[in-house]
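First the structure, in the form of structure tokens, and then the observations on it.
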Amino acid sequence: MLQLQCETSIQLKLPSMSDVLNQSEQFEPIHAAHAIEQVVFVLQFDDALNDASFSEVREAARQFKTPEDLPGQAEIQGFSIAIGSPMATPPSSLGVGIVLHRIGPDGSVENELRAERTSISFRTSLYSRWDAVWSRATKYFQALVPIYARQAKLIGISLNFVDKFAWAGGLNECRPGLLLQAKSKYLCGHIFEVKDLWHSHTGAFIEIDKNTKRLLNINVDYLDENRPEGLRRIVAITTVMTDLLDQPGYEPYTMEDKDIIGFIDAHMEGLHVFGKEVLGNIINDEMSRRIALIE
């Protein structure tokens, strides 16, 4: 009888407990593909609409009050003050603004359109990708902006993002330096030495071209957030970007009413690209790749 003996030596390297812990002790974007909790689009005009024009705005907005779009409605109470005007809008039966919205199953606002005497805004917490969200906002602006433009001049175009990253792991092990760039020009350097929670806020005016003065505000907050399922440690990054028009020292812009939507579209796209650059300067490259800011 012939006996064959074969020995095979296989060495398996199992992860150590510290390796497992290190994988879980990290910041996570609040969504699988991105960290955006909310995005807001705002248009500001230089004069408050009179009752006739505002009545037209309210009627035009009514088309969006459908079960599939923005079924909820509320009135904005108070006074509306136009930028550059010392006078508040007098009381009117039409009020100072109207809100159309959709509420999610958890009671939070998913989409909201606000039409006020001097501004229009749309905010959403259902961010998927830029083209889809901006296309939705454009639908509302195309219906309302021409009414405003007949009486008032566009003086501000604003895009605001709230990005949020949650810590996965023990609170005692949380280190913001695992997410943020220590050499970021938008962060106060001393926050990396602070052992407790902190806020880092900065802002500046930036000349974009001969017609446009951009206001950039960045609020980075390291804090604890109360949620129904319990406390979580987060880094929230709020980026507010506003292109200001007809500013002292800048040349006034001129356009035909028919071009105003294209003008807004170009500025929003510029703000979107700029906002990605700002966020990429705040968070590290690893997280930037994870949420597709960079390749």
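Predicted model only: the values in this text are computed from it and were never measured.
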Which atom of L144 lies closest to which atom of A60, heavy atoms considered:
CD2-CB, 3.7 Å
Assess whether atom CD of E286 is packed by more than 12 heavy atoms of other residues, nucleotides or ligands within 6.0 Å.
no
Hey, mind stepping through D265 and W134 against side chain to side chain contact (heavy atoms under 4.5 Å, CB included) and telling me if it holds?
CA-CA 9 Å; D265 180 80; W134 173 232; 2.6 Å; yes
Co-membership, hydrophobic cluster, residues V194 and I282, 4.5 Å side-chain
yes
Where F45 and A152 come nearest, the two heavy atoms and their spacing
CB-CB, 3.8 Å
What's the shortest heavy-atom distance between A143 and Q63, and which atoms?
CB-NE2, 3.8 Å
When every non-hydrogen atom of G104 is compared with those of E110, the smallest separation belongs to CA-OE2, 3.2 Å
Between NE2 on residue H190 and CH2 on residue W198, distance to nearest 0.5 Å
9.0 Å
Side-chain contact, heavy-atom cut-off 4.5 Å: K164 with R232?
yes
Measure the CD1-CG distance between I157 and L271 for me, rounded to the nearest 0.5 Å.
7.5 Å
Is a side-chain N or O of Q181 found less than 3.5 angstrom from the main chain of I283, in a donor-acceptor match?
yes
Stepwise side chain to side chain contact (heavy atoms under 4.5 Å, CB included) test for H101 and R123
CA-CA 9 Å; H101 55 73; R123 71 178 173 113; over 6 Å; no
Does V109 belong to the same Ile/Leu/Val/Met/Phe/Trp/Tyr cluster as I76, with side-chain heavy atoms less than 4.5 Å apart forming each link?
no
Is there a chain of hydrophobic side chains (I, L, V, M, F, W, Y, each step under 4.5 Å between heavy atoms) that links Y250 to M241?
no
Strictly below 4.0 Å, N to O, side chains only: are R136 and D69 in salt-bridge contact?
yes
For the backbone of V99 and the side chain of R114, can you confirm whether one donor and one acceptor N or O come within less than 3.5 Å of each other?
no
Point-to-point distance, once rounded to the nearest 0.5 Å, from CD1 of I291 to CG of L279:
5.0 Å
Which class fits the ring pair F122 and F41: parallel under 30°, tilted 30 to 60°, perpendicular over 60°?
parallel
Would you kindly say whether S288 and D285 are connected by a side-chain donor-acceptor distance under 3.5 Å?
no
Can you tell if the side chain of V220 reaches within under 4.5 Å of the side chain of Y186, non-hydrogen atoms only?
no
Exercise: do T118 and Q44 side chains pair donor with acceptor under 3.5 Å:
yes
For the residue pair I98 and L113, establish whether any side-chain heavy-atom pair is separated by less than 4.5 Å.
no
Measuring from L215:CG to L244:CG, what's the distance to the nearest 0.5 Å?
6.0 Å
Find out whether Q247 and T212 are in side-chain contact, i.e. whether some heavy atom of one side chain is under 4.5 Å from a heavy atom of the other.
no
Pick from D51, D47, N50: which one makes a side-chain hydrogen bond (donor to acceptor under 3.5 Å, both in side chains) with R117?
D51
Contact check, side chains of F165 and I237, non-hydrogen atoms, under 4.5 Å
yes
Applying side chain to side chain contact (heavy atoms under 4.5 Å, CB included) to R233 and L197, what does each step give before you reach the verdict?
CA-CA 9 Å; R233 181 70 52 84; L197 306 179; 3.6 Å; yes
So, does D221 use its side chain to make a donor-acceptor pair with the main chain of H199 at under 3.5 Å?
no
At what distance, to the nearest 0.5 angstrom, does NZ of K183 lie from CG of N281?
12.0 Å
Check whether any side-chain N or O of W167 sits under 3.5 Å from a backbone N or O of G170 as a donor-acceptor pair, and report yes or no.
yes
Any side-chain heavy-atom pair from L180 and Y222 closer than 4.5 angstrom?
no
On a heavy-atom basis, which atom in L178 and which in N284 lie closest, and how many Å separate them?
O-ND2, 2.9 Å
Relative to the ring of W130, is the ring of F161 parallel (under 30°), tilted (30 to 60°) or perpendicular (over 60°)?
tilted
I'd like to know if K213 pairs up with D246 as an ion pair, taking the criterion as any Lys NZ or Arg NE/NH1/NH2 lying under 4.0 Å from an Asp or Glu carboxylate oxygen.
no
Check E75 with R58, please: is the shortest side-chain N to carboxylate O separation under 4.0 Å?
yes
Donor-acceptor pair, side chain of D243 and main chain of R214, under 3.5 angstrom:
no
Can you check whether K153's main-chain N or O pairs, donor with acceptor, with D46's side chain at less than 3.5 Å?
yes
Minimum heavy-atom separation for V42 to S121, with atom names?
CG2-CB, 3.9 Å
Working note: L126 + R102, criterion side chain to side chain contact (heavy atoms under 4.5 Å, CB included); need CA distance, chi angles, decisive distance, verdict.
CA-CA 11 Å; L126 301 179; R102 170 175 288 279; 5.6 Å; no
Min side-chain heavy-atom separation L43-M268 under 4.5 Å:
yes
Look at the side-chain heavy atoms of Ile, Leu, Val, Met, Phe, Trp and Tyr, link any pair under 4.5 Å apart, and say whether F64 and I147 land in one connected group.
yes
Pairwise distance CG(D163) to CE(M287) - rounded to 0.5 angstrom
11.0 Å
Taking the side chain as everything from C-beta on, heavy atoms only, tell me whether L231 gets closer than 4.5 Å to N226.
yes
Shared hydrophobic cluster, L159 / I208 (ILVMFWY, side-chain heavy atoms < 4.5 Å):
yes
